[in-house]
Amino acid sequence: MNRVRCLVLNAALGPLDYKVPEGMEVGPGHVVECPLGPRTIIGIVWESERLPGTEVPAEKLRPLRSILPVPPLSAPLRRLIEWTADYYVASLSSVARMALSSGGALKGPATITEYRLTGGMPERMTPQRHAAMEALEGEQATIRELAGIAGVSEGVLRGLVNQGVLEPVEVDCDRPFDEARPDFAQVDLSESQKIAADTLSEAVRQKKFAPYLLDGVTGSGKTETYFEPVAEALRMGRQVLVLLPEIALTENFLHRFEERFGVTPVLWHSSLKSTQRRRAWRNVANGDAQVVVGARSALFLPFRNLGFIVVDEAHETSFKQEDGVRYNARDVAVMRAHFEGIPVVLASATPALESLQMAESGVYAKLDLPSRFGGAELPDIDTIDLTEEKPPHGMWLAQRLIDGIAERLERKEQSLLFLNRRGYAPLTLCRNCGFRFQCPNCSAWLVEHRFTRRLACHHCGHETPSPAACPECGEPDCLVACGPGVERIADEVAERLPDARVFVATSDTLNSPGRAAEFIAQVEAGAIDVIVGTQLVTKGFHFPELTLVGVVDADLGLEGGDLRAGERTYQQVAQVAGRAGRGSKPGEVLIQTRHPEASVIAALAAGDRDAFYEAETEMRREAGAPPFGRWASIIISSEDEAEAREAARRIGDARPDVPDLMILGPAPAPMALLRGRYRYRLLMNARRSVQLQDVIRRWLSSIDHPSGVRVGVDVDPYSFV
Ligand SMILES: [Zn+2]
Ligand SMILES: [Zn+2]
């Protein structure tokens, strides 16, 4: 009799066996509908020998309901799902869910009705209708999506349909994308770019697993370089995946891609509309989507014929997922390439120490792009010691930095001030009674946002209008802002240089691709003199007239004792410094600090990357930190404080005694309250020889918890809060 084992998309259930009905042809990778009690759930047929389960007698098996009309998940993708679940101590189903991330796509071919403007006018024009019509210029989407775009009710739009102002269009949900042309543009590469590009193109032709580290300073032309192997994969009819850390700010990348290949690539990120999502997913699955540019979740897309993977800005910490399956996309990308048998390149100007170590030990092949493309010089970097050159009282910018900006104003050049803090001030307190505004759901202060006149928590999104009086003592006009955020720095520039046109660039102001494009256009047109921005502006931008970068507080990232604090500061400052002098004019970088002698600041000022990495490597080696040792953490949380504490205590009491493994905690997490949940942590530090995942799995499987308790495992953690 014919039976199959299925991985079902329900973390609480193990693998389940089903009977294959007469006439159904089904094999590993098929996505199927399985009966479960009175319900139907989605499952993936798996090799039964790879999924240990309890054998159910044949007569008890229920038949599969149907096979969903999508291509079966390939064996390399199934192996990736297994590896990810195993390595990150997650359930197989939670990883498999990421591969089947478009519910619509699973339903098979479909058409939908979308609407667009006809150019007609309504009989009666209202301000609402007028605004809606203006907003919908050039748009085509479902009524619901159009209502979202125009910010009006669906009823308003239905009215416009009845009046003939909007017309329905029947659309094939999965229509193919325009074809990318590998030889669309003539490219002109420098000698070192050419060597790297040829090496990667040859690797694409070889169709073998080969990991590369493409190490090049900002502005050295990494993108142009890896576009060549992308073209090679296209010529071979194979698909390409490019992972970018900040998908909201890919405008510049998309431009360059279009210039090179004649079309924009297929996008994949969390803010796609559901129709865009299913279209991308199905075209990836049938092999028609040629180049997918996406956020980390694109790693689990069901490529039919993947030939090459690029991880751009591979050192970025946003590649690490911080909830659900806590995976690092950089590492999973290498594993996907391994299972697919294809090359992968990690591109960065400031590679993660882990990646450099892999290159040094010969696991990754290293490709260097030494100089800036087009002959532009690297910027001059200098520090401003804030203990010597104190800013005026109540201000944050030293006179030398202000003078530098003033000089640029005179020369009609641009300046960028970098501070990785959104809002006006990170803390607001009452001068009268000392009251501090704290988030009710998190162990965090509320951040004042003057643009929106609100106090907001950056962890959970809690917001409240800025009050006029202290909520504790009732005293009016007694609230003071403590410390600077970007909005406050912008105010200071406006006060000290009244002629400067200042723009605050953060995720609050550049919250859509459209806004980002507008910002870029304004800077390019010279309509902005000073950009004050968070890390959002540290990468991807290329402004020829931007010749001064000021780092407002380089010490900020070094506080908090995070293992990677030094590395992150180095990467961030080096990255933002790379924004200066990208055209023919030389750039200058001024770094404000209270610790000019700290090794990371000194290395930045000297432009001595090797010295920084050497010091950092020694420090990690001594601490047994990655890549020399391993870290993992267990986070226990509950809405009930006592329940969380008790669960953490029980886990702590059951701690295994394993040689070369140190376990710290349980202790309240630094963010002891986050999004309304009380949190405890245990931290593990192990030698590389310890089978850390096996230890954790055995340990945690022996303990049951009340249903309100969540136990999360973070292997190779980046966040220690
Ligand atoms: Zn007060
Ligand atoms: Zn909060």
Side-chain angles (χ1 to χ4, degrees), residues 248 270-271 317-318 320-324 326 394 419-488 504 506-511 534-536 556-557 559-562 633-645 647-648 666-681 708-712 714 717-721:
S270 57
S271 39
T317 50
S318 60
K320 178 70 166 53
Q321 167 122 334
E322 291 296 354
D323 50 18
R326 293 177 165 87
L419 177 66
N420 207 17
R421 253 192 200 155
R422 289 160 52 208
Y424 184 83
L427 166 66
T428 306
L429 59 77
C430 171
R431 208 182 317 123
N432 190 39
C433 75
F435 175 80
R436 294 163 173 223
F437 284 87
Q438 191 172 359
C439 175
N441 312 315
C442 305
S443 319
W445 307 124
L446 292 179
V447 178
E448 181 186 1
H449 287 251
R450 288 235 167 139
F451 290 165
T452 53
R453 294 208 195 85
R454 297 182 92 74
L455 295 168
C457 171
H458 289 175
H459 300 278
C460 70
H462 171 85
E463 277 195 350
T464 165
S466 300
C470 172
E472 188 69 17
C473 66
E475 195 67 20
D477 301 322
C478 63
L479 301 176
V480 281
C482 297
V486 280
E487 293 176 10
R488 194 171 200 176
V504 174
T506 69
S507 55
D508 300 310
T509 55
L510 303 182
N511 49 15
T534 57
Q535 60 148 3
L536 205 66
L556 198 60
E559 294 160 5
D562 180 342
S633 60
I634 299 174
I635 305 112
I636 301 113
S637 71
S638 167
E639 288 178 11
D640 183 298
E641 214 284 331
E643 201 176 67
R645 192 180 341 115
M671 288 285 289
L673 179 65
L674 182 63
R675 295 183 204 102
R677 299 182 71 85
Y678 293 88
R679 303 166 78 241
Y680 282 77
R681 292 181 68 97
V709 171
R710 252 184 252 157
V711 179
D714 195 352
Y718 269 59
S719 161
F720 291 83
V721 300

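Indexing begins at 1, ligand by ligand and atom by atom, following the structure's order. Keep in mind that the numbers below use all heavy atoms, side chains included, and drop hydrogens, waters and symmetry copies. Residue numbers start at 1 and run along the sequence shown.
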Would you confirm whether Glu487, through its side chain, and Arg450, through its main-chain N or O, come within 3.5 Å as a donor-acceptor pair?
-> yes

If the Zn ion (ligand 2) is the vertex, what is the angle to SG of Cys457 and SG of Cys442, rounded to 10 degrees?
-> 110°

Expected output: side-chain Arg681 to main-chain Ser633 donor-acceptor under 3.5 Å = no

Determine whether the aromatic ring centres of Tyr680 and Tyr678 lie less than 6.0 Å apart.
-> no

The Zn ion (ligand 2) contact by Cys439, N, O or S atom under 2.8 Å = yes

The Zn ion (ligand 2) reached by Cys460 (N, O or S, under 2.8 Å) | yes

State, to 0.1 Å, how close Gln438 and Ser443 come at their nearest heavy-atom pair, and which atoms those are.
-> NE2-CA, 4.0 Å

Establish, from distance only, whether the side-chain atoms of Gln321 and Tyr718 form a donor-acceptor pair under 3.5 Å.
-> no

Metal site the Zn ion (ligand 1): N/O/S of Cys470 inside 2.8 Å = yes

The Zn ion (ligand 1): angle it makes with SG (Cys430) and SG (Cys433), nearest 10 degrees | 110°

